[in-house]
Amino acid sequence: MGEVILELKNIHKSFGTNKIHRGINLSLKKGESLGLLGGSGTGKSVLLRSIIGLERIDQGEILFHGERIDQLSEEELTPYRIKISYSFQSGALFDSINVFENIGYPLFEHTRFSYQQIKDKVAEMLKLIDLPGREHIMPSDLSGGMQKRVGMARAMILNPEVILYDEPTAGLDPANTLNVVGLMQRLKEKGLASIFVTHDIPSALSLCDRIVVLNEGKIIFNDTPTNFQNSDDPIVKKFNAH
Ligand SMILES: Nc1ncnc2c1ncn2[C@@H]1O[C@H](COP(=O)(O)OP(=O)(O)OP(=O)(O)O)[C@@H](O)[C@H]1O
């Protein structure tokens with residue numbers, strides 16, 4: 001790990017008079033997993049959404065491989081949204097199409113791969129998420145945990161460099177949580193960098209190289225999981241109590 005691939009510089013964001021971010025500085029290195037913690041409503045999801053331009057920041061800079069991306073148009077952002085993939089909290093599957101079409105969708109949309117190539121790619125992804133041969137299942141016939149894994153497979157299929165996970169284990173039972181975290185671990189081993197927004201502290205500690213805590217619009221902690229667990233900071237300690 002060395003090269004910084006994503007950099008947030010002095011990010012400010014408000015909704016009306018509601019100041020969410022008050023000068024956020026953060027960088028993500030190649031292959032690194034960063035756990036982003038913070039109380040409810042501190043702006044963790046807004047920060048992820050800002051990175052890929054689903055929210056526009058008021059001030060500051062977002063750089064990907066040193067290039068500014070915060071001022072790009074929707075069209076100009078498309079290639080960056082392939083390199084920096086956002087995995088929605090719910091999985092966000094299309095209900096009316098099956099697992100194959102859901103996972104293959106970005107390939108149909110953004111590539112010229114043949115139908116057979118897409119079939120092969122999707123089959124490979126289904127193996128990776130431990131659901132081999134489930135191409136023809138409809139999303140409504142999958143458990144919540146399986147839906148999240150299918151959503152992650154779709155977020156992964158265009159080989160991004162960074163994946164932004166928005167509470168991927170929220171609402172899952174312990175077995176499904178382990179499955180999802182296991183998948184995240186495998187993706188990490190393939191060299192994928194990630195920002196993992198979560199309230200699930202044990203999963204963040206097991207997966208992440210670095211823990212970042214957002215509080216009142218600023219980053220108040222940015223260090224290793226070990227130092228997080230040993231921190232004397234009263235706000236950081238509150239997270240450790242959970
Ligand atoms: N589009 C929007 N318009 C107005 N306010 C918004 C919008 N999106 C988010 N907010 C507000 O921004 C704040 C931060 O929201 P965000 O969803 O990022 O919090 P969070 O830290 O992810 O919380 P949680 O852990 O509960 O998911 C909240 O007060 C929310 O109401």
Side-chain angles (χ1 to χ4, degrees), residues 6-28 33-62 69-74 77 80-81 84-93 144-145 147-148 151-152 155 162-174 176-177 180-181 184 193-208 210-223 225 228 231 233-242:
L6 184 65
E7 203 171 357
L8 311 186
K9 286 187 179 172
N10 194 29
I11 304 296
H12 287 254
K13 173 72 182 170
S14 299
F15 291 107
T17 55
N18 190 8
K19 282 195 174 158
I20 311 293
H21 300 138
R22 301 162 185 253
I24 303 247
N25 292 291
L26 191 62
S27 60
L28 180 72
S33 286
L34 194 153
L36 178 56
L37 312 180
S40 211
T42 46
K44 303 180 296 298
S45 297
V46 169
L47 196 63
L48 292 191
R49 292 167 56 78
S50 299
I51 291 172
I52 49 163
L54 293 174
E55 299 288 354
R56 295 294 175 162
I57 57 174
D58 301 329
Q59 197 187 315
E61 293 181 9
I62 300 172
I69 58 169
D70 55 280
Q71 294 174 321
L72 299 181
S73 67
E74 279 293 302
L77 273 169
Y80 294 97
R81 287 181 180 154
I84 309 170
S85 185
Y86 183 84
S87 178
F88 289 87
Q89 190 167 2
S90 59
L93 302 180
Q147 288 186 16
K148 289 200 189 208
M152 283 161 71
V162 179
I163 186 158
L164 308 175
Y165 296 113
D166 202 347
E167 301 196 33
T169 62
L172 298 183
D173 63 24
N176 271 311
T177 297
V180 166
V181 174
M184 293 166 75
S194 62
I195 302 180
F196 175 18
V197 162
T198 192
H199 293 282
D200 176 358
I201 315 286
S203 294
L205 291 176
S206 76
L207 190 87
C208 296
R210 227 166 7 119
I211 301 290
V212 170
V213 178
L214 191 57
N215 189 61
E216 295 185 349
K218 297 212 167 187
I219 285 172
I220 57 139
F221 182 89
N222 184 349
D223 208 334
F228 171 81
S231 172
D233 183 295
I235 297 166
V236 174
K237 275 181 132 171
K238 271 195 227 164
F239 288 97
N240 274 314
H242 289 154

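As the structure lists them, so they are numbered: ligands from 1, and atoms in each ligand from 1. Values below: every heavy atom of this structure, side chains too, minus hydrogens, waters and symmetry copies.
Backbone and side-chain nitrogen or oxygen atoms of Val46 are examined, and one is located within less than 3.5 angstrom of a nitrogen or oxygen of ligand 1. Ligand 1 has a nitrogen or oxygen under 3.5 angstrom from a nitrogen or oxygen of Gly41.
Side-chain N or O atoms of Ser33 include none that pairs as donor or acceptor with a backbone N or O of Cys208 at under 3.5 Å.
Remark: of the listed residues Leu34, Ile163, Val162, Ile163 is the sole one forming a side-chain contact (heavy atoms from CB on, under 4.5 Å) with Ser194.
Looking at heavy atoms from C-beta onward, Pro168 lies in side-chain contact with Met184 at the 4.5 angstrom threshold. Glu55 places a side-chain heavy atom less than 4.5 Å from the side chain of Phe15. Residues Asn222 and Ile211 are not in side-chain contact: their nearest non-hydrogen atoms beyond the backbone lie 4.5 Å or more apart.
Here is the list of ligand 1 atoms found below 4.0 Å of a heavy atom in His199: 24 (P), 25 (O). Close contacts of ligand 1 with Gly39, meaning ligand atoms under 4.0 Å from a residue heavy atom, involve 21 (O). Atoms of ligand 1 found under 4.0 Å from any heavy atom of Gly43 (numbered from 1 in listed order, with element): 14 (C), 16 (P), 18 (O), 19 (O), 20 (P), 21 (O).
The side chain of Asn18, and not its backbone, has at least one atom closer than 4.0 Å to an atom of ligand 1 (non-hydrogen atoms only; side chain from C-beta on). At a heavy-atom cutoff of 4.0 Å, ligand 1 is contacted by the side chain of Glu167 but not by its backbone.
Aromatic ring orientation, Phe239 versus Phe228: tilted (interplanar angle from 30° to 60°).
The heavy atom nearest to atom 22 (O) of ligand 1, considering only Gly217, Gly16, Ser45, is found in Ser45.
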